[in-house]
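In what follows, a structure is listed as structure tokens, so that the remarks can point back to it.
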Amino acid sequence: MTDPKQTYDPAAIEPKWQQHWSEHKVFRAKNPGDAGFDPEQPKFYALDMFPYPSAAGLHVGHPEGYTATDIVSRYKRATGHNVLHPMGWDAFGLPAEQYAIQTNTHPSKTTAANIETFRRQLQTLGFSYDWDREFGTCDPSYFKWTQWIFKQLYERGLAYESNAPVWWCEALGTVLANDEVINGRSERGDHPCERRPLRQWVLKITEYAERLLQYLDGLDWSDSLKTMQREWIGKSEGAEIAFDVEGHADTRLRVFTTRADTLFGASFMVLAPEHPLVSALTTASQQDAVDAYVKAAAAKSELERTDLAKDKTGVFTGAYARNPLFAGDDPRGRVPIWIADYVIVSYGTGAIMAVPAGDERDFEFAQKFSIDIPGIFAPQTGDAERDARVAAGEECCTDEVPYAASCRTHDGAIALQGMSMAEGKRAIIDWLVAAGRGEAKTTYKIRDWLFSRQRYWGEPFPVLHTEDGVTLVTDQQLPVTLPEMDDFKPGGQPESPLIRAADWVETADAKGRPAKREINTMPGAAGSSWYFMRFCDPANDQEFCSKAASDYWLPVDLYVGGTEHAVGHLLYSRFWTKVLHDAGHVSVVEPFFKLYNQGMIQAFAYQDARGAVVPAADTKQDGDDVVHAGTGEPLTQTVTKMSKRYGNVVNPDEVVGEFGADTLRLYEMYMGPLADSKPWNPKDVPGVHRFLQRVWRLCVPEFAEKGRVHEWLTRDRDDDVGLEKQLHRTIHKVTGDIERMAFNTAIAAMMIFVNEATKGVDKLSRGQLLRFVQLLQPFAPHLAEELWERLGADGALSYAAWPTCDEALLVDDEVEIAVQVLGKVRARVTLPNNCGKDVALAQAREAAAKWLEGKRVVKEIFVPNKLVNFVAK
RNA sequence: GCCGGAGUGGCGGAAUUGGCAGACGCACAGCUUUCAAAAAGCUGCGAGGCAACUCGUGCGGGUUCAAGUCCCGCCUCCGGCACCA
């Protein structure tokens, strides 16, 4: 017959409630205009960085951020918000295509299968997503609008073709954007990359550099993330200065500098080896040396140029420039022009004026090649020896120090001595402007966004090439879908496999003229740059997102994800949002108001004496120690990334199978602060599971014959005063902690309540348990729903009003305070809450009498409800 | 090298505003219940000391009646940038 026991059984209750939520569309978000939409409710948009559905399935790292946003979403629903909490798939990308090449399976098939797995896994975790809004970036109904947005960019002059050198990765068979290349190697797969000239589509993100920088200030993002974006944008204010070149009357060499004030100390010029003027300026006698250097620099990978080439190298071109500050016959104005690879062609003007007295790199170079180092500073730091060396040009000085008397033109038009650095810069720039020799200038490190890939599995461009050049596909012809193919290998050198789809490539434009389709495809970051907009209005086939929907939902109120997208995705999304704003399609300028970066979930591992990690399979327990299974060498515990290689990857399915989704959710939130990286400890998981069992037993008797809930919970009765106070403290703590995203301490508070309540199980009233279940609901929703139902509560738990806290119940009648003598706790006294200083001191003095004997109290500190401190001699 | 963040028991962590360091959980130990429990409950649990007490938040200084928290100087780890003129 039926099992007489009723134990906490997540395997039974979790699917039951998941099905209930799904069937009743409990978490469907209502848009303005939908039936039942309440315009009075405030909105809340909680978004996860949507996953790339890999073949490996969900990792325990995914549910960490997802649980956090789910808790906030459920809390916001309970506090009367209209909540948008969607999920979808970042589904175009390289791994599916690599897999296709290996196995001859179409990427659309593997992607669809992976999405199935991800969706199933996410659904077993009980996230309150509005699944009706789900889509993938590879859905034609979605990328139709990605293509449409590209058209907007093109029409606004923000998309262009370029032949500039780009990062080419041989192993991946594609080009990569700057942020996808780390130290000359691909971020994905760690393959070597090199610079190559290729025809590419590029987006003019640099045009938005200033606004991308300015608008950071108003965002609720961590300072470290804002700093990363600021540094990536790399704004730098200075001047551009034009130098005449001897013997080249029509040539002016332009340089960018942030230290225009050091122009008096410019004793040579350096061009990047790739600078367009190099060949024109090089003299016959230097030709061979320059050619050899240029060739060598081109052959060097970026890795060699940055990491290894710390030693300065360079070659004299034979040409001389004229420093504009010095009159024609002044020998100080004649500066040699060198080329060196420490100057980067793509930054500033690709050329610099070298001031060895004020720049470490220039100083190093001048020393190595015995170039003049004119002293231009007269520091008075007190370190006389150093001051003298700086004045003599024997040491470089980058600090703000007084200028030397020599910083002066013959005619006295400029004399820097006595000026501050800011005044010096101003003086020089004003003079240059008046003389037509330069102007103030701001440059940015950020480069335009390399926006094409030579791959199959990405959005095709809505672009046709005809005899007359580029034409766009009409809106009526969107989406441009991918042709069916079964061979996805890159199409020979830097070309997409699409080149082999001849029927697809050969087409006609709107006027019927023969045209070839663009065979590059868009990069992975294309689809993820606006998906948060589409979630507002996912089924719209007339617009990418209706203005009404985006006006209502945007910006995203809470966005949670990893730091790895600090400069890529987050910058691109901000850029597209601004472009769409400028084009009048969305009202917001910034897409993500609050951003929260979760830490990484790591794993314990064991390492040997050399620090090498030993795979879990090669370790064994030896008493209290862990040793190498083969050699018996003792090992020490360490923390690493989860990795197949180390055998320490935790599979969420297994955790759900053994303990249930509520335990997984709760454990991931209980591990520590969301923002921290922290190790997964399998031994801690049963601890939170035990907590849920205790909650269960608080409500449900062990044997079914005693009823579905404890007898005393079937009727209303007076609340136990002590428990009621404890409950209010818990409500207060949990509410505040959810608001500040401190889920670990919220859970600790609930544990304290359950420990209290368990001490006298039958003291807990039905009303108290119901309120506790509401607090638990965002964290462990399945268990909460089950208990809510068993207790016969009215209405849907997910929308039941959040329990309120009576502040009056937070204070106790009596408080215990510490009595200190000279800062050391010597006694404790119990006093009425908020009692006065005199009362407290009198009692404290008595309690501390033993330690005050023979001493004179010189000061008495009283902190109400906290402590008394006697300062005694 | 530069810019962030962090360092607290055997472990994960707590201390939100300068006010009793170690909440909560794990591990461990003892006890109760039990035929037996890997179950449940209770108790203990920073170090030293019989104790009174002393010491204790990476290290060294400082400010303060009082410092994990503030200041100065270091060390280590993690993340980012890296010849950006």
Side-chain angles (χ1 to χ4, degrees), chain A residues 7 182-183 222-232 234 236 238 255-259 262 270 305-307 309-312 340-344 346-355 358-362 364-365 443-446 563-564 566-567 597 599-600 602 604 624 637 639 667 670-673 675-688 690-691 693-694 697 702 733 736-737 740 742 744-752 755 758-759 816-828 857-872:
Chain A
T7 48
I182 296 160
N183 284 335
S222 71
D223 286 338
S224 70
L225 204 94
K226 287 189 191 180
T227 303
M228 272 194 237
Q229 290 220 343
R230 284 196 191 100
E231 287 177 355
W232 190 262
S236 163
V255 301
F256 173 72
T257 178
T258 54
R259 290 294 304 273
T262 63
V270 185
R305 273 181 74 159
T306 55
D307 263 18
K310 289 295 177 197
D311 222 19
K312 295 280 178 294
D341 64 4
Y342 81 92
V343 173
I344 295 164
S346 52
Y347 183 75
T349 62
I352 61 162
M353 63 176 206
V355 183
D359 184 288
E360 310 248 3
R361 297 152 301 183
D362 299 343
E364 207 185 303
F365 192 87
T443 63
Y444 299 87
K445 267 191 253 182
I446 191 174
T563 346
E564 64 271 22
V567 291
N597 286 120
M600 224 195 324
Q602 302 162 309
F604 286 122
D624 286 343
Q637 194 181 62
V639 170
Y667 173 64
Y670 189 62
M671 290 172 78
D676 290 3
S677 290
K678 56 241 163 212
W680 181 279
N681 187 352
K683 286 185 171 169
D684 286 338
V685 180
V688 291
R690 272 200 285 274
F691 162 68
Q693 285 176 318
R694 286 155 73 97
R697 288 198 301 268
E702 187 178 1
K733 180 75 177 150
D737 281 356
R740 67 185 183 107
N744 53 333
T745 49
I747 295 166
M750 289 190 281
M751 287 175 168
I752 292 170
N755 290 346
T758 304
K759 279 179 185 159
E816 193 185 64
I817 72 163
V819 180
Q820 297 181 336
V821 176
L822 284 168
K824 285 191 200 304
V825 181
R826 295 302 187 182
R828 287 165 203 287
V857 175
V858 293
K859 200 169 180 183
E860 293 165 332
I861 313 283
F862 172 63
V863 182
N865 290 345
K866 295 275 185 190
L867 59 74
V868 168
N869 189 10
F870 294 109
V871 185

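Note on naming: letters A, B, ... go to the chains in the order of the sequence lines (proteins, then strands), and numbering restarts at 1 for each one. The shown structure was predicted, so the numbers you read here are calculated from the model rather than taken from an experiment.
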Worksheet item: Could you spell out the base pairing of RNA chain B in dot-bracket, with Watson-Crick or G-U pairs whose two distances are under 3.5 Å, [ ] crossing and | to another strand?
Response: (((((((..(((......[....))).(((((.......))))).(((....)))..(((((..]....))))))))))))....
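- Distance check on atom C1': B/rG30 versus B/rC45 gives 11 Å, rounded to whole Å.
- Checking A/T563 against A/N597 by side-chain atom types alone, no donor-acceptor pair falls below 3.5 Å.
- Atom CE of residue A/M353 and atom CZ of residue A/R259 lie 9.0 Å apart, to the nearest 0.5 angstrom.
- By the ring-ring contact (aromatic ring centres under 6.0 Å, His included) test, A/F365 pairs with A/F268, A/W338, A/Y342, A/F369, sequence neighbours left out.
- RNA chain B is contacted by both A/I352 and A/N865; A/N865 maps to the nucleotide lying nearer its 5′ end (nearest heavy atom per residue).
- Using a 4.5 Å heavy-atom threshold, the side chains of A/E860 and A/V868 count as separate.
- Put simply, CE on A/M750 and CD1 on A/I752 are 11.0 Å apart, with the number rounded to the nearest 0.5 Å.
- Here B/rG80 is in the anti range [glycosidic angle more than 90° from 0].
- If you find the closest nucleotide of RNA chain B to A/T349 and to A/E816, the one lying nearer the 5' end belongs to A/E816.
- Of all the heavy atoms in A/G823 and A/N869, the pair that sits closest is N-OD1, 3.1 Å.
- A gap of 16 Å separates the P atoms of B/rA47 and B/rG56, to the nearest Å.
- Counting any heavy atom pair closer than 4.0 Å across all strands shown, A/G687 reaches sugar-phosphate atoms only and no base atom.
- In this structure, A/D223 atom CG and B/rA6 atom P are separated by 11 Å, rounded to whole Å.
- Residue-level contact check: A/T563 touches neither bases nor backbone, having no heavy atom under 4.0 Å from any strand.
- Taking all atoms of both residues into account, the shortest heavy-atom contact from A/G350 to A/V343 is O-CG1, 3.5 Å.
- Within 4.0 Å (heavy atoms only), A/L867 reaches at least one base atom of the nucleic acid.
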Can you check nucleotides 54-58 of chain B for protein contacts, nitrogen or oxygen pairs under 3.5 Å, and list what you find?
from, atom 1, to, atom 2, distance (Å)
B/rU54, OP1, A/R826, NH2, 3.3
B/rU54, OP2, A/R826, NH1, 3.3
B/rC55, OP2, A/K824, NZ, 3.4

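- Note on A/Y347: a side-chain N or O is less than 4.0 Å away from OP1 or OP2 of B/rA85.
- Residues A/D676 and A/M671 form no side-chain contact, since every pair of their non-hydrogen atoms from C-beta on lies 4.5 Å or further apart.
- Looking at heavy atoms from C-beta onward, A/N755 lies in side-chain contact with A/R694 at the 4.5 angstrom threshold.
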Response to the item:
A correct 5'-to-3' footprint of nucleotides 33-46 of chain B, with B, S and - meaning base, sugar-phosphate only and no protein heavy atom under 4.0 Å, is -------SS-----
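- To the nearest angstrom, C1' of B/rG80 lies 10 Å from CG of A/L225.
- A/K445 is not listed as a side-chain neighbour of A/I344, based on a closest heavy-atom distance of 4.5 Å or more.
- Whole-Å rounding puts the A/M600 CE to B/rG5 C1' distance at 14 Å.
- A/K445 comes within 4.0 angstrom of a base, heavy atoms only.
- The listed nucleotides are B/rG4, B/rA27, B/rA21; the one nearest the side chain of A/S224 is B/rG4.
- The distance from atom CD of A/E231 to atom C1' of B/rG1 is 13 Å, rounded to the nearest whole Å.
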Discussion item. Output one letter per nucleotide in nucleotides 64-71 of chain B: B when a protein non-hydrogen atom lies under 4.0 Å from the base, S when only the sugar-phosphate is that close, - when neither is.
Written reply: -B------
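- A heavy-atom distance below 4.5 Å is found between the side chains of A/R230 and A/K226.
- Side-chain atoms of A/N681 and A/Y667, non-hydrogen and from C-beta on, do get closer than 4.5 Å to each other.
- When the C1' atom is used for both B/rC55 and B/rG9, the distance is 14 Å, rounded to whole Å.
- Comparing the P positions of B/rU33 and B/rC42 gives a spacing of 15 Å, expressed to the nearest Å.
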Worksheet item: For nucleotides 11-18 of chain B, read 5' to 3', which letter fits each nucleotide if B means a protein heavy atom sits under 4.0 Å from the base, S means only the sugar-phosphate is that close, and - means neither?
Response: SBSSSB--
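- The gap from the P atom of B/rG49 to that of B/rG58 amounts to 24 Å, rounded to the nearest Å.
- Protein atom CD of A/E364 is 9 Å distant from nucleotide atom C1' of B/rC83, rounded to whole Å.
- When heavy atoms are screened at a 4.0 angstrom cut-off, A/E360 is found touching no nucleic acid atom at all.
- For A/E816, the CD atom sits in a packed shell: over 12 heavy atoms of surrounding residues, nucleotides or ligands are nearer than 6.0 Å.
- Comparing the same atom, P, in B/rU16 and in B/rG22 gives a spacing of 13 Å after rounding to whole Å.
- A heavy-atom distance below 4.5 Å is found between the side chains of A/V871 and A/L822.
- Rounded to the nearest Å, the gap between the P atom of B/rU8 and that of B/rC78 is 15 Å.
- Spacing between B/rG18 and B/rC70 at atom C1', rounded to whole Å, works out to 8 Å.
- Pairing each heavy atom of A/K733 with each of A/A749, the nearest pair is CG-CB, 3.4 Å.
- For the atom pair CZ (A/R697) and OG1 (A/T758), the distance works out to 8.0 Å, reported to the nearest 0.5 Å.
- The shortest distance between side-chain heavy atoms of A/F256 and A/I352 does not fall below 4.5 Å.
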